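Quick caveat, the model's predicted, so the values are computed rather than measured. By convention in this document, chain letters (A, B, ...) are assigned in the order of the sequence lines, proteins followed by strands, and residues within each chain are numbered from 1. As a basis for the values below, the full set of heavy atoms in this structure was taken, side chains included, without hydrogen atoms, waters or symmetry mates.
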Amino acid sequence: MHFIEEIIAWYLINKRDLPWRNTRDPYIIWLSEIILQQTRVEQGLPYFERFLDRYPTIAHFAAANEDEILNLWQGLGYYSRGRNMHKTSKIVMEEYGGYFPNRYDDLLKLKGVGEYTAAAISSFSAGEAKAVVDGNVFRLLSRFFGLRDVINSPQGKRAFTELANEVINKHDPGTSNQAMMEFGAKVCKPRNPDCIVCPLNQQCFALRNDMITVLPVKKKAQRPRPRYFNYIVVLSRDSILLSKRRAKDIWENLYEFPLFESDKILDVIELIGRPDFVSAFGEEVTILSVHGPAKHQLSHQTIHAQFVVIEAHKLQNVDQMGWHFVALDELPNIAQPKIIFSFLRNFLH
DNA sequence: AAAGCGGGGGG
DNA sequence: CCCCCAGCTTT
């Protein structure tokens, strides 16, 4: 048996029963594929169930507003995925009459849909012979065929895509693609792959040459940069002061507390003397409590956040700052970054 | 080509 | 602590 037939044979026996594998509906497949970008199946699965339950069709999805979608997305990360899905759903309603496209070339035009996702949807939904190239496929191809191009470079990606499209089973591209990814996830794993039981171990380049830990080749990311967030927590009766993030930055369009960023951990006395703080909260401020600083690790930033709970006697420019008091019982309907959500959960209990 | 964008899990 | 995960977009 050849490489891909061996992979498919293994897949047909060992595949997991995942909900998005029981449909050819491009909308449902799109939903699953966007959620699964850079996300483990186990982490994405409950989100997929909630989204499909809430929005059974593209029409339901397009009728939602962005805040609602981000709220449902809360905790999953890479929130641009949710924002892009919202835009895409409206385009599908307007330009495709509510019929989700399933051809590779059409899919590639949609916001948030790149080569991987277009290949996935078109092959699973329409049987188009486009190879998916995700982290699993990079690893499997690199090890088995000894392809040493750097996977996180444009050239490397081209080389792997070319190879993937050579080995794909054109008789059943959808199953072929599923099989490659499942095999990479379950046998040819990043660390401690199951080479002993691998049906391809005799012909595997990496195993024969003792290069399992070397392949695939990847350029290292740079160190995360530190940032220092000073959050001001203001409670007023049964509501709390929130601010919507607008900048092209992390957590765009999510809600947080009024933020004063600094270049180091700030003493509270120093903080309440800052001109921008005074212009918002005035000179007369009572510090009720200080929490943190807590560390919150992202792939590319290390956030050091402290939470300063105050009583403001003169709130001057709340509206101009774009801040709003939100009822506490509305909080479950508001998308918050993990670090805000975690703080509130502790603070309010 | 490189950087930016989350959060969780495993070694 | 570091790396990886059904990647995409912007610079």
Side-chain angles (χ1 to χ4, degrees), chain A residues 11 15-16 18-21 29-48 70 73-85 87-88 107-124 130-140 150-158 160-161 164 174 176-186 188-193 213 216-225 227 245 247-254 295-303 335-342:
Chain A
Y11 172 72
K15 65 178 175 180
R16 290 168 287 182
L18 299 172
W20 46 83
R21 286 185 177 153
I29 295 169
W30 167 72
L31 207 52
S32 71
E33 291 301 339
I34 303 294
I35 287 173
L36 291 172
Q37 286 169 6
Q38 292 292 282
T39 304
R40 266 177 246 282
V41 166
E42 308 82 67
Q43 189 189 1
L45 190 48
Y47 285 84
F48 171 78
L70 287 177
W73 199 272
Q74 177 176 307
L76 197 54
Y78 286 152
Y79 297 92
S80 66
R81 291 182 289 174
R83 298 193 303 269
N84 285 331
M85 285 179 99
K87 293 176 195 151
T88 286
L107 289 161
L108 207 49
K109 299 173 192 160
L110 301 175
K111 276 286 186 188
V113 176
E115 289 181 24
Y116 163 78
T117 306
I121 301 175
S122 64
S123 66
F124 302 153
K130 296 281 187 186
V132 295
V133 184
D134 74 333
N136 296 305
V137 175
F138 277 123
R139 190 168 57 251
L140 176 53
V150 178
I151 64 171
N152 53 349
S153 75
Q155 296 159 326
K157 192 182 172 189
R158 269 198 297 281
F160 279 91
T161 302
S176 181
N177 279 338
Q178 292 280 10
M180 290 284 289
M181 292 192 284
E182 188 82 337
F183 193 89
K186 291 298 175 188
C188 199
K189 298 176 290 184
R191 279 173 307 259
N192 306 322
T213 59
V217 179
K218 186 173 184 178
K219 194 174 83 74
K220 277 188 188 166
Q222 63 173 53
R223 319 280 305 197
R225 71 178 233 255
R227 295 179 75 177
R245 290 181 69 86
K248 283 200 159 104
D249 194 354
I250 55 173
W251 307 325
E252 183 181 341
N253 291 3
L254 273 67
K295 200 165 79 170
H296 183 70
Q297 189 64 57
L298 307 181
S299 327
H300 42 290
Q301 297 180 17
T302 304
I303 309 294
Q336 310 142 44
K338 177 70 183 342
I339 193 169
I340 301 293
F341 182 79
S342 300

* To do: Using a 4.0 Å heavy-atom cut-off across all strands, classify Val137(A) as base, sugar-phosphate, or nothing.
  => nothing
Give every pair of a protein N or O atom and an N or O atom of nucleotides 1-3 of chain B that lie under 3.5 Å apart, one pair per line with the distance.
unit_1 : atom_1 : unit_2    : atom_2 : d
dA1(B) : OP1    : Gln155(A) : NE2    : 3.4

* To do: Tell me what Leu76(A) touches on the nucleic acid: a base, only sugar-phosphate, or nothing, going by heavy atoms under 4.0 Å.
  => base
* Non-neighbouring partners of Phe124(A) that pass ring-ring contact (aromatic ring centres under 6.0 Å, His included), sequence neighbours left out -> none
* Structure fact -> Sorted by chain and residue number, the salt bridge (charged side-chain N to carboxylate O under 4.0 Å, His left out) partners of Arg158(A) (sequence neighbours excluded) come out as none
* dA1(B) and dC5(C), which share atom name C1', separated by this distance in whole Å -> 23 Å
* **Involving DNA chain B, stems made of at least three consecutive Watson-Crick or G-U pairs, both distances under 3.5 Å** => B:1-5 with C:7-11, B:7-11 with C:1-5
* Structure fact -> From CD of Glu115(A) across to P of dA6(C) the rounded distance in Å is 19 Å
* With sequence neighbours excluded, what pairs up with Tyr11(A) under the ring-ring contact (aromatic ring centres under 6.0 Å, His included) test? -> none
* For Lys87(A), does the NZ atom have more than 12 heavy-atom neighbours from other residues, nucleotides or ligands under 6.0 Å away? -> yes
* Look at all strands and tell whether Ser32(A) reaches a base, only sugar-phosphate, or nothing, counting heavy atoms closer than 4.0 Å. => nothing
* Structure fact -> Between Ala119(A) and Ala131(A) the two heavy atoms that sit nearest each other are CB-O, 3.5 Å
* To do: Could you tell me which residues satisfy side-chain hydrogen bond (donor to acceptor under 3.5 Å, both in side chains) with Asn136(A), sequence neighbours excluded, listed by chain and number?
  => Asp134(A), Arg139(A)
* Just how far, in rounded Å, is P of dC5(B) from CD of Gln38(A)? -> 15 Å
* side-chain hydrogen bond (donor to acceptor under 3.5 Å, both in side chains) with Asn152(A): which residues, sequence neighbours excluded? -> none
* To do: Mind checking ring-ring contact (aromatic ring centres under 6.0 Å, His included) for Phe138(A) and listing every partner two or more places apart, or none if nothing turns up?
  => Phe160(A)
* Spacing of Tyr47(A) atom OH relative to dA6(C) atom P, expressed in whole Å -> 16 Å
* Spacing of Lys186(A) atom NZ relative to dC5(C) atom P, expressed in whole Å -> 13 Å
All N/O pairs under 3.5 Å across the protein-nucleotides 1-4 of chain C interface:
unit_1 : atom_1 : unit_2    : atom_2 : d
dC2(C) : OP1    : Arg223(A) : NH1    : 3.0
dC2(C) : OP1    : Arg223(A) : NH2    : 2.8
dC4(C) : O2     : Arg40(A)  : NH2    : 3.1

* Integer-rounded Å distance: dC8(C) P and Glu252(A) CD -> 19 Å
* For Ser299(A), enumerate each residue passing the side-chain hydrogen bond (donor to acceptor under 3.5 Å, both in side chains) test, keeping only those at least two apart in sequence or located in another chain. => none
* To do: Quote, to the nearest angstrom, the C1' distance that separates dC8(C) from dG9(B).
  => 23 Å
* To do: Could you state the atom-to-atom distance from CD of Gln74(A) to P of dG6(B) in whole Å?
  => 13 Å
* **Rounded distance (Å) that lies between atom P of dG7(C) and atom CD1 of Ile34(A)** => 11 Å
* Of the nucleotides dC8(C), dG7(B), dA6(C), which one has an atom closest to the side chain of Asn136(A)? -> dA6(C)
* To do: Could you check how far CE of Met180(A) sits from P of dA6(C), rounded to whole Å?
  => 14 Å
* Contacts of type side-chain contact (heavy atoms from CB on, under 4.5 Å), residue Gln301(A), not counting sequence neighbours -> Arg225(A), Arg227(A), Asp249(A), Ile250(A), Leu298(A), Ile303(A)
* Structure fact -> Taking dC5(B), dA6(C), dG6(B) as options, the one with an atom nearest any side-chain atom of Arg21(A) is dA6(C)
* Asked: Base, sugar-phosphate, or nothing for Gln178(A), non-hydrogen atoms under 4.0 angstrom?
  -> base
* Glu182(A): partners by side-chain hydrogen bond (donor to acceptor under 3.5 Å, both in side chains), with sequence neighbours left out -> Arg16(A), Arg21(A)
